[in-house]
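Index from 1, following the sequence. All values reported here derive from a predicted model rather than from experimental measurement.
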Amino acid sequence: METGGGRFGVSETLGALNAALKKELGPPASVWFKESSARNLRTRDFLAPQAALRALFAGGPVPKGIIEDVISLKCPGVPPLQSCQQTPLGLTVQLQRPAAFQQVLNSIGEFTKPSQAASGQSIILNCTPLRGRRSLDMLSLSNLRAILVTDHLAEVLRIQGMNVHLVPAVPDEGIQKFLHQLRVDWPSELETAFIPEDVLALKQVLSQCPYATVPGLEPRQMRLADDVIYKVHLKNFLAQQSLEGYDPNLDVCLVTEEKLRVLAELRQMALRCAGTGPAGCCRVVHVVSCKGEFQQQQVDLLWRMLDLGPHTALQKHLVCGPVKVANSPSPVGAPQYFQLRRCQMYEASVMKYGDLVQDDSWTEIISVLTSAAIRFEMLSTAHQSQIILDLEDSSISTKGTKSGAFVMYNCARLATLFKTYQQAVEQGAYPAFPPASELNFSLLREEGEWLLLFNYILPFPETLSQSAQLPLSSKGIRITASTEAVCKFLIHLSMDFSSYYNRVHILGEPLPHLFSQMFARLQLMRGVRDVIHRALATLHLPPLSQI
């Protein structure tokens, strides 16, 4: 793809700029960075800081030839450059903005379609807090967080083309109904039928395992629970295998029928994935709350110890930090939390819209707003960090700028904008939208317009890619994922869109000499709308047409 065609990318542009700067000095290093603040974007789009340039060129100026190489860049994924200048801050680059507007907004589908970068690969997401939950009342806030992290991670991985398998199955109707209210689609049955003989096979392997002993056969042994069938000495196994990242307190694991059943289910799913993925490869990511991490490490090691195939070496643990409630005299479970947020959404809507909220359509609106509020509260923080909830925080339900309700409100504002335009067209006030090739993007001169394109539409594919990156080949057993990336992206986009929308009249007076700018702005708003809709889809949130 040459400049002027295909999809531009921030990482491609940074890579090309770095390569041009270090063409004669060896492999390219990360010298350039993308600007993002409204203040800096008034004069530049990319900057190579002066300190980095001094180190690169031994304190001297950047050679004129290199500056000329930068300005003449024509590489796949790189927008056309307007200027490259040496300034006291360093080397600055500004893009040809009208050309960038035209290229991006005339091919907006390229910036919202899935990349399919991991097409055909398989992964198992094992959400351990759902295992063994026999009633909704047992679901804690920390459990809920792990479920929502798993649900979102599964969706962004699917967008990248990965085959995602969710375990465990959740047959309990109460939990299934609750998850459905939060728009979590979780399997109620296993993809593979559970075979009791698998547990018998595991018992047979354990009977010959040098790290396992049968309870009651050891002298002076304290009495164990009746369901314990083996004692497995994990510490000895860890020492022999030189495995890293496990809790140093892991010692003896008491193996029960239930543990073997869990292991048999995971094994069956791994074998199924191995049969569908390339080269028989399947990864397993255990999504755990911090309280369940120790127990899941036991299952992990038990799987490795019994050597059930190559998939055991591909296990990783994604740990979710605790969720606590500020100033709460008693524990708050997931069901109570959901009911509280739904009541707050309803009360805030009644206060703003009165009797209109009694309409049947508002039942769905309040349901979406509740789900959005909860998902953004649980997902806007890095998954490994602690969350402290303020259940009395009214901004959650009144469109505080960092809430899910605020994002959904701005989604509805965009829907209203296009509905209003269409109605005006039908009434003859505005002409029909012209072909994209006839739009004049040089009329987009308001700083908020470039901010929306450069900070959100252009880098959106990389935001999705970032949220799906799992360092599965890293050392140790713990991994982290950017599960907060999409929520933070939507919050910042909504804030900048809201600021622009409040400041600029997109649908101006129905005067012919104003139509060209109006159409260019509407095309930009189409891009913002499509990006918001695609991002919301990764959270299983439908766009709202009204609030």
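Tyr337 places a side-chain heavy atom less than 4.5 Å from the side chain of Leu389. By the 4.5 Å heavy-atom criterion applied to side chains, Leu41 and Asn455 are counted as neighbours. Side chains of Glu462 and Gln466 form no contact here, defined as non-hydrogen atoms less than 4.5 Å apart. The closest side-chain heavy-atom distance from Leu91 to Trp32 is below 4.5 Å. At least one side-chain heavy atom of Phe101 sits under 4.5 Å from a side-chain heavy atom of Glu449. By the 4.5 Å heavy-atom criterion applied to side chains, Leu539 and His152 are counted as neighbours. Side-chain contact between Leu314 and Leu472 is absent, with no heavy atoms from C-beta onward closer than 4.5 Å. The side-chain heavy atoms of Ile479 and Ser474, taken from C-beta on, include a pair separated by under 4.5 Å.
The main-chain N or O of Cys320 is never found under 3.5 Å from a side-chain atom of Gln384 such that the two would form a donor-acceptor pair. With Lys316 contributing its side chain and Gly476 its backbone, the two residues share a donor-acceptor pair below 3.5 Å. Thr370 places a side-chain N or O within donor-acceptor distance of the main-chain N or O of Ile366, the cut-off being under 3.5 Å. With Asn410 contributing its side chain and Phe406 its backbone, the two residues share a donor-acceptor pair below 3.5 Å. A donor-acceptor pair under 3.5 Å links the side-chain atoms of Ser72 to the main chain of Asp69, judged by distance alone. Looking only at distances, no side-chain donor or acceptor of Gln82 sits under 3.5 Å from a matching main-chain atom of Gln94. No donor-acceptor pair under 3.5 Å is formed between the side chain of Ser467 and the backbone N or O of Thr483. Side-chain atoms of Ser498 never come within 3.5 Å of backbone atoms of Met495 as a donor-acceptor pair (strictly under, hydrogens ignored). Judged purely by atom type and a 3.5 angstrom limit, His383 uses its side chain to pair as donor or acceptor with the backbone of Ala481. Using a distance-only test at 3.5 Å, with no hydrogens or angles considered, a donor-acceptor pair links the side chain of His492 to the main chain of Lys488.
No salt bridge links Arg7 with Glu12; every basic N to acidic carboxylate O contact stays at or beyond 4.0 Å. Classification of Arg521 and Glu446 as a salt-bridged pair fails, no side-chain N sitting under 4.0 Å from a carboxylate O. Salt bridge Arg97/Asp45: present, at least one basic N to carboxylate O contact under 4.0 Å. Ionic pairing of Arg534 and Glu110 is not present here: no N-O contact between side-chain nitrogen and carboxylate oxygen is shorter than 4.0 angstrom.
Ring geometry for Tyr456 versus Phe489: interplanar angle over 60°, hence perpendicular rather than tilted (30 to 60°). Between Tyr421 and Tyr430, the two ring planes are parallel [angle under 30°; tilted spans 30° to 60°].
Nearest heavy atoms, Val319 versus Cys290: CG1-CA, 3.9 Å. Of all heavy-atom pairs between Val528 and Ile457, the closest is N-CD1, 3.8 Å. Residues Leu21 and Phe57 share a closest heavy-atom pair of O-CZ, 3.7 Å. Across every non-hydrogen atom of Arg145 and Thr381, the tightest pair is NH2-O, 3.7 Å. Across every non-hydrogen atom of Leu541 and Val368, the tightest pair is CD2-O, 4.1 Å. Of all heavy-atom pairs between Gln102 and Phe441, the closest is CA-CD1, 3.5 Å.
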Inset, instruction - With side chain to side chain contact (heavy atoms under 4.5 Å, CB included) as the test, would you mind laying out the steps for Ser30 and Leu14 before giving the verdict? - result: CA-CA 8 Å; Ser30 298; Leu14 289 172; over 6 Å; no

Legend entry - Trace of the side chain to side chain contact (heavy atoms under 4.5 Å, CB included) decision for Phe8 with Val104: CA-CA 7 Å; Phe8 296 152; Val104 173; 4.0 Å; yes

Inset, instruction - For the pair Val323 and Leu144, evaluate side chain to side chain contact (heavy atoms under 4.5 Å, CB included) and give the outcome as yes or no after the intermediate values. - result: CA-CA 9 Å; Val323 180; Leu144 176 60; over 6 Å; no

Inset, instruction - Show the numbers, then the answer: is there a side chain to side chain contact (heavy atoms under 4.5 Å, CB included) between Leu439 and Leu105? - result: CA-CA 10 Å; Leu439 298 179; Leu105 295 180; over 6 Å; no

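Atom-to-atom distance recorded for Glu293:CD and Leu318:CG is 10.5 Å, nearest 0.5 angstrom. Here Arg42 contributes atom CZ and Ser37 contributes atom OG; the two are 8.5 Å apart, rounded to the nearest 0.5 Å. Atom CZ of Phe515 is separated from atom CG of Leu522 by 11.0 Å, given to the nearest 0.5 angstrom. One distance of note links OH of Tyr501 with OG of Ser494; it measures 13.5 Å at 0.5 Å rounding. Separation of atoms CZ (Phe33) and CG (Leu47) is listed at 4.5 Å; rounding is to 0.5 Å. For the atom pair Arg413 CZ and Tyr409 OH, the distance stands at 4.0 Å (nearest 0.5 Å).
Gln315 and His286 are linked by a side-chain donor-acceptor pair at a separation below 3.5 angstrom, with hydrogens and angles left out of the test. Between the side chains of Gln121 and Arg283, at least one donor-acceptor pair of N or O atoms lies under 3.5 Å. Ser367 and Arg183 share a donor-acceptor pair across their side chains, judged by distance under 3.5 Å alone. In this structure, a donor-acceptor pair under 3.5 Å is present between the side chains of His540 and Asp151.
Heavy-atom neighbours of Asp185 CG from other residues, nucleotides or ligands within 6.0 Å: at or below the threshold of 12. At most 12 non-hydrogen atoms from other residues, nucleotides or ligands lie less than 6.0 angstrom from CZ of Arg39.
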